[in-house]
2 protein chains.
Amino acid sequence: MEHGESGGEEVTAARAEGTNPVAAPSSAATATPTSGPAAAPSSGSAPAHSRGNVFEHTIAALLRAIRLGQYLVGDKLPAERDLAARIKVSRATLRQALSELQTAGIVTVRRGRYGGTFVTRLPSAGDDATEGSIDPAELDDAVRFRHVLETAAARIVASRTLQSAEVEALTTAESECREVFGAPGESAEKFRALDARFHLSIAELTRIPSLVAASASTRDRINALLDRIPFIETNVEHSCAQHGEILDAVLAGDPELAAELAAQHAEGTEQLLRGFLEHQ
Amino acid sequence: MEHGESGGEEVTAARAEGTNPVAAPSSAATATPTSGPAAAPSSGSAPAHSRGNVFEHTIAALLRAIRLGQYLVGDKLPAERDLAARIKVSRATLRQALSELQTAGIVTVRRGRYGGTFVTRLPSAGDDATEGSIDPAELDDAVRFRHVLETAAARIVASRTLQSAEVEALTTAESECREVFGAPGESAEKFRALDARFHLSIAELTRIPSLVAASASTRDRINALLDRIPFIETNVEHSCAQHGEILDAVLAGDPELAAELAAQHAEGTEQLLRGFLEHQ
DNA sequence: GTTCAATGGATCAAGTTCATACCATTGACT
DNA sequence: AGTCAATGGTATGAACTTGATCCATTGAAC
């Protein structure tokens, strides 16, 4: 797969704190009668860089990759020199971040040839989480953007003719996700990672790198929100069933049905989150 | 390997400047899709920080805001202290960037109370552009992602009940864009800025900040590509006509029609770009 | 058991970026 | 004419990142 790295950067830009726009304080939408100079549509803007510490961002990037199932437990991360180049940070900074993960027990490091950094456990909600209550605006944005991205991805992939290897990847992702559900005692983290893998697999088949990047970023935001509410088996079961339906529609080459099912799936998560938000 | 597939790579990503998860911004405007090394279930990756210079990213962010019509010629930018906070860079860095824009004649600065930084002209293609031929992967990614975003935005906004101020903003954006077309001698840059304003106005009405940010970033990438091909009046005329149709569908509250028209509009640009790419 | 390539471990100088003060200018208001 | 608040202009030191270089460890291959 080559991925093309994405081109996208920014998509994420806005999130966390306030989000945004470089621009104008008042958005056009909110009534700004004077059309003069002032009313500029605030196009989201990107923070010129990512601010904060490169160090912290590196930790977050690594955690995200693991949480989203890019590296499963037992997997070996790329060699430090390679990983640093990939994340685009210096090896020194990457090592600081890896050191933290090691201290947290998320990875273990072995020296020597054939050594490397291995994932030993999935990050738990506490390893990363922000405390406090859920920001309604963040929830709304993440959930709705996800709806847009996943609906579109399902529609696009369903209208493509998939190669056997691609079909294989999708079915595997779907079944692994289902299997974890069946096994009792599995962690919410593991389900989330495999769930993310399934959805990101679909996103990848669109062959639109920016869409993949945006989906990954958004999925991670949603997972962070899900970490703040109780893990309910029933929802997982329902989720897995929907995955199966989506997969079938995609393989059957029915774009509109796939899109509709993806929409319903997203709406399920949305209602789950909103339900808890309103009662917190 | 670890889990099969993938080789894994990239940690994440997000585009341009933003980012969050860790991500980073990459350059905002110029997006650099570079197809990376290997492939993994690469969930898009994000550079942990923005690499490059915060300074350069700041310039790019400012140029982008101006190119996308966030600040029109004659507009005053926010005070340095505010702008720096918005872009999330130190005032010192922002000033370096503004200094460049001033040297380039894009903004002028006046001291004292009621002074500030004012936009004096739109950046021309050369102020920013990357030389060389168009990267097919970048074009494909930008154009297809735009298709996804704008189609979804049109559908969403058409299904909302707009407030009078919102309708006003849209119709104004549409007509201003058309007027510029009518006036002879207007620059491609001005049309692009107003064109972007129209589309971003629609994106804003979705009330999904992440969608707005992604649309702005993608629009800028496409504008950068358009800067590399001849500016054709006929296309502008066609574009304006389509804007009118999209606006009508949105105001009429016809989601599917609005989405279809937005799709056609995006496809027009796509074909225009691909046509020149294949002949370059 | 020796060799060797891949990989983690460590250090240091140089360049960036930030944060915080404080100064200078301007023009509306009184 | 004087006042004053908002805004740009300038300076300094701390903190962070990088990039380059060299060291240490490991286990497969010979």
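Chain letters run A, B, ... following the sequence lines, proteins first and then strands; every chain starts at 1.
A heavy-atom distance below 4.0 Å to DNA chain C is reached by these residues of residues 100-114 of chain B, ordered by number: B/R111, B/G112, B/R113, B/Y114.
Of the candidate nucleotides D/dG9, D/dT17, C/dG9, D/dT17 has the atom lying nearest to any side-chain atom of A/S90. Ranking C/dC18, C/dG8, D/dG9 by closeness to the B/V54 side chain, first place goes to C/dC18.
A/A79 comes within contact range of the sugar-phosphate backbone alone, with a heavy-atom separation under 4.0 Å but no base atom that close.
No salt bridge links B/R67 with B/E189; every basic N to acidic carboxylate O contact stays at or beyond 4.0 Å. For the pair B/D141 and A/R207, the salt-bridge criterion is not met [side-chain N within less than 4.0 Å of a carboxylate O].
Look at A/T93 and you'll find a side-chain N or O under 4.0 angstrom from OP1 or OP2 of D/dT18. The side chain of A/R91 places no N or O atom within less than 4.0 Å of a non-bridging phosphate oxygen (OP1 or OP2) of D/dT18.
Nearest-nucleotide assignment on DNA chain C puts the 5′-proximal partner with B/L94, out of B/L94 and B/R81.
The separation between A/E80 atom CD and D/dT25 atom P is 16 Å, rounded to whole Å. Distance B/R95 CZ to C/dC23 C1': 12 Å, rounded to the nearest Å. One atom, CD of B/E56, and another, C1' of C/dG15, lie 14 Å apart when rounded to the nearest Å. The CG atom of A/L77 sits 13 Å away from the P atom of C/dT7 (whole-angstrom rounding). Spacing between atom CZ of A/F118 and atom P of D/dT26 amounts to 13 Å, rounded to whole angstrom units. Residue B/Q96 contributes atom CD, which lies 12 Å from atom C1' of C/dG15 at whole-angstrom precision. C/dG27 atom P lies 12 Å from atom NZ of B/K76, rounded to whole Å. The separation between B/N53 atom CG and C/dT17 atom C1' is 11 Å, rounded to whole Å.
Here the CD1-CG distance, from B/I222 to B/D227, works out to 12.0 Å after rounding to the nearest 0.5 Å. Note that CD of B/Q96 and CG of B/L98 are 10.5 Å apart. Values are rounded to the nearest 0.5 Å. For the atom pair A/L149 CG and A/S215 OG, the distance stands at 4.5 Å (nearest 0.5 Å).
For the side-chain contact (heavy atoms from CB on, under 4.5 Å) with B/L68, the qualifying choice from B/D195, B/D220, B/L63 is B/D220, the only one to do so.
For the residue pair B/S210 / A/R221, a side-chain donor-acceptor distance below 3.5 Å is found, with atom types taken as modelled.
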